Structure formats: structure tokens, C-alpha cells
Amino acid sequence: MRKRRQGIIFLCMFLLCLNGCKGKETAVIYDSEEQEVLEESMISETECEEASICVYICGQVNCPGVYEMPEGARITDAIEAAQGMTEEAACDFLNQAALLTDGQKIYVPTREEAELQEQSSKADGKVNINTANAGELMSLSGVGEAKAEAIIRYREEAGGFRSIEEIMNIEGIKEGVFHKIKDKISVD
């Protein structure tokens, strides 16, 4: 009898190991000698969870704050989590299709702030590599269509440039090109 119970326990543990990451299941074990059914609820020790990131969204959104988002989420998803933009928001300022990154801060400016930033960028003659379109980027010495597209793609994937030196992460833009354009670009 004791060996039989040890066998049942071993079988239960074996089934638990096979269960892996499938959530909750019930194993039915028949004890033929006593004609009784033993049921054991099995729950995997590690639950399968989707990878997530945290982002901070502020400015002209209805509920600013830190939000946990699934990996692969986009700025539009963060705006939705913050219950949308306010009426004063510059809706077209951000590329809402850009991928989010862990620890990213997303600031939604007012229309006034966006306009001032655009005027400031034009006034100092610098190209803001975080907001410039392909045409503006191609106005820089050594930046053609392919590099302009690579800059836009990089800033969308990385959540923007944090410094002008980061532009050297773009294929084809190394120290030589950087020294030609460093006084003509900004990240503000």
C-alpha cells in the first residue's frame, strides 16, 4: 500500500513537471486496487507572462502618469492608456506610430508649445533631429534620402535622440559627417 501511494505521488510530480507553463489543469489518477479516483489540482509554479515595459506620458493627456504597456506597444497605445489627449494638445506633433521603449518619457505639447518649438528651431537655423521630416534632414551636409529615412526609423524605434552625438549610431554617419553637421542639429 505504501509503495502504491509513493508511486501515485511520483506520478503526480511527473505530471506536474510535464505540465510546464500551461496554467491550471486537473490530473485524474485511478487507484485500481481501492477503485477510488484521486484528483489533484496542479498549478504551474511559473506563470507565463507577456513581456512589458513602463512609460511615462505627460503633458496634454487626460490622465498623465506611468503606464505598464506590452512590449511592442506604440505611442498611440500610451495615449489611449492615458485616456486620450486634451483639446489643447498638438495631435500631429508626435509620431503616434512610433514604438515605445522601456523608461521612455512621452510629452504631448500644446499646439502653442509645438508652434514655438518649430519657430525656435527655424530661428536658430538648427534641424531638430527628433522632429524633422526627411526633407529637413536632407538639407544637412552628407545626409541623403537613405540616411534621412534611417534617422527617422532610428528615432521611432529608440524613442528619440537624447543627444546629438547619438546620431553616430546611424549607419553611414560617423565622426566625419558628424563634425560637418554637429553645429546644425539639435535634439530639443
Side-chain angles (χ1 to χ4, degrees), residues 49-188:
E49 290 185 24
E50 190 175 312
S52 64
I53 59 172
C54 288
V55 296
Y56 174 52
I57 184 163
C58 59
Q60 298 304 306
V61 290
N62 291 311
C63 293
V66 175
Y67 291 91
E68 187 172 322
M69 307 294 297
E71 205 168 73
R74 301 188 179 268
I75 288 180
T76 190
D77 301 320
I79 291 169
E80 186 178 312
Q83 297 181 11
M85 294 185 200
T86 66
E87 289 181 19
E88 297 84 28
C91 299
D92 59 348
F93 182 77
L94 296 173
N95 176 3
Q96 294 184 36
L99 287 171
L100 295 172
T101 57
D102 189 44
Q104 182 178 358
K105 176 183 177 182
I106 304 154
Y107 180 77
V108 181
T110 63
R111 287 186 290 275
E112 233 176 72
E113 289 172 328
E115 191 175 304
L116 285 173
Q117 185 172 353
E118 188 176 303
Q119 288 173 356
S120 171
S121 179
K122 289 179 183 176
D124 67 8
K126 292 186 177 185
V127 174
N128 184 333
I129 57 176
N130 279 326
T131 59
N133 63 31
E136 293 167 326
L137 292 168
M138 288 190 297
S139 72
L140 298 168
S141 177
V143 177
E145 187 176 345
K147 287 180 188 170
E149 289 173 8
I151 291 168
I152 293 169
R153 188 173 44 255
Y154 177 88
R155 77 178 182 216
E156 289 173 354
E157 291 172 358
F161 292 92
R162 289 163 186 78
S163 69
I164 61 171
E165 291 80 12
E166 197 175 339
I167 199 166
M168 289 190 287
N169 292 339
I170 306 299
E171 187 175 331
I173 300 180
K174 298 301 172 216
E175 287 192 35
V177 174
F178 176 71
H179 286 298
K180 289 180 188 176
I181 65 173
K182 70 179 181 181
D183 296 329
K184 298 175 183 161
I185 60 175
S186 70
V187 292
D188 298 328

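Every value quoted in this text rests on a predicted model; they were computed, and no experiment measured them. Throughout, numbering of the chain's residues begins at 1 and tracks the sequence. Only this structure's heavy atoms are used, side chains among them; waters, hydrogens and symmetry mates stay out.
Remark: side-chain polar atoms of Glu113 are paired, donor with acceptor, to backbone N or O of Thr110 under 3.5 angstrom. In this structure a side-chain-to-backbone donor-acceptor pair under 3.5 Å is missing from Arg74 to Ala98.
The side chain to side chain donor-acceptor pair (under 3.5 Å) test applied to Glu166 returns Tyr154, not counting sequence neighbours. Here Asp102 pairs with nothing under the side chain to side chain donor-acceptor pair (under 3.5 Å) rule; sequence neighbours left out. For Asn130, the side-chain contact (heavy atoms from CB on, under 4.5 Å) test picks out Asn128, Arg155, Phe161, Val187, with sequence neighbours left out. For Lys182, the side-chain contact (heavy atoms from CB on, under 4.5 Å) criterion is met by Ile164, Phe178, His179, not counting sequence neighbours.
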Throw together a table of side-chain donor-acceptor distances under 3.5 angstrom for residues 145-153, partners on residues two or more places apart or in other chains.
residue : atom : partner : partner atom : Å
Lys147  : NZ   : Gly142  : O            : 3.1
Lys147  : NZ   : Gly172  : O            : 3.2

Could you go through residues 54-62 and list every donor-acceptor pair under 3.5 Å that involves a side-chain atom there, pairing it with any protein atom two or more places apart or in another chain?
residue : atom : partner : partner atom : Å
Gln60   : OE1  : Thr86   : OG1          : 2.9
Asn62   : ND2  : Gln83   : O            : 2.6
Asn62   : ND2  : Gly84   : O            : 3.4

Go through it in stages, so that I can follow the logic: the residues are Thr101 and Ile53, the test is side chain to side chain contact (heavy atoms under 4.5 Å, CB included), and I'd like the CA-CA distance, side-chain angles, deciding distance and then a yes or no.
CA-CA 7 Å; Thr101 57; Ile53 59 172; 5.8 Å; no
Steps toward side chain to side chain contact (heavy atoms under 4.5 Å, CB included) verdict (Ile106, Leu100):
CA-CA 9 Å; Ile106 304 154; Leu100 295 172; 3.3 Å; yes
Could you walk me through whether Val108 and Leu94 pass side chain to side chain contact (heavy atoms under 4.5 Å, CB included), step by step?
CA-CA 7 Å; Val108 181; Leu94 296 173; 3.7 Å; yes
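At least one side-chain heavy atom of Met69 sits under 4.5 Å from a side-chain heavy atom of Asp77. In this structure the side chain of Gln96 reaches within 4.5 angstrom of the side chain of Ile79, judged on heavy atoms. Side-chain contact between Ile181 and Ile167: present, with at least one pair of heavy atoms (C-beta onward) separated by less than 4.5 Å.
Separating the CD atom in Glu171 from the NZ atom in Lys174 is a distance of 7.5 Å, to the nearest 0.5 Å. How far CE of Met85 is from CD of Glu80: 11.5 Å, rounded to the nearest 0.5 Å. Atom CD1 of residue Ile129 and atom OG of residue Ser163 lie 7.5 Å apart, to the nearest 0.5 angstrom.
When all heavy atoms are compared, the tightest approach of Lys180 to Ser141 is CD-OG, 3.8 Å. Scanning both residues, Tyr67 and Ala81, for their nearest heavy atoms gives CE2-O, 3.3 Å.
Residue-environment remark: NZ (Lys105) stays at or below the threshold of 12 foreign heavy atoms within 6.0 Å.
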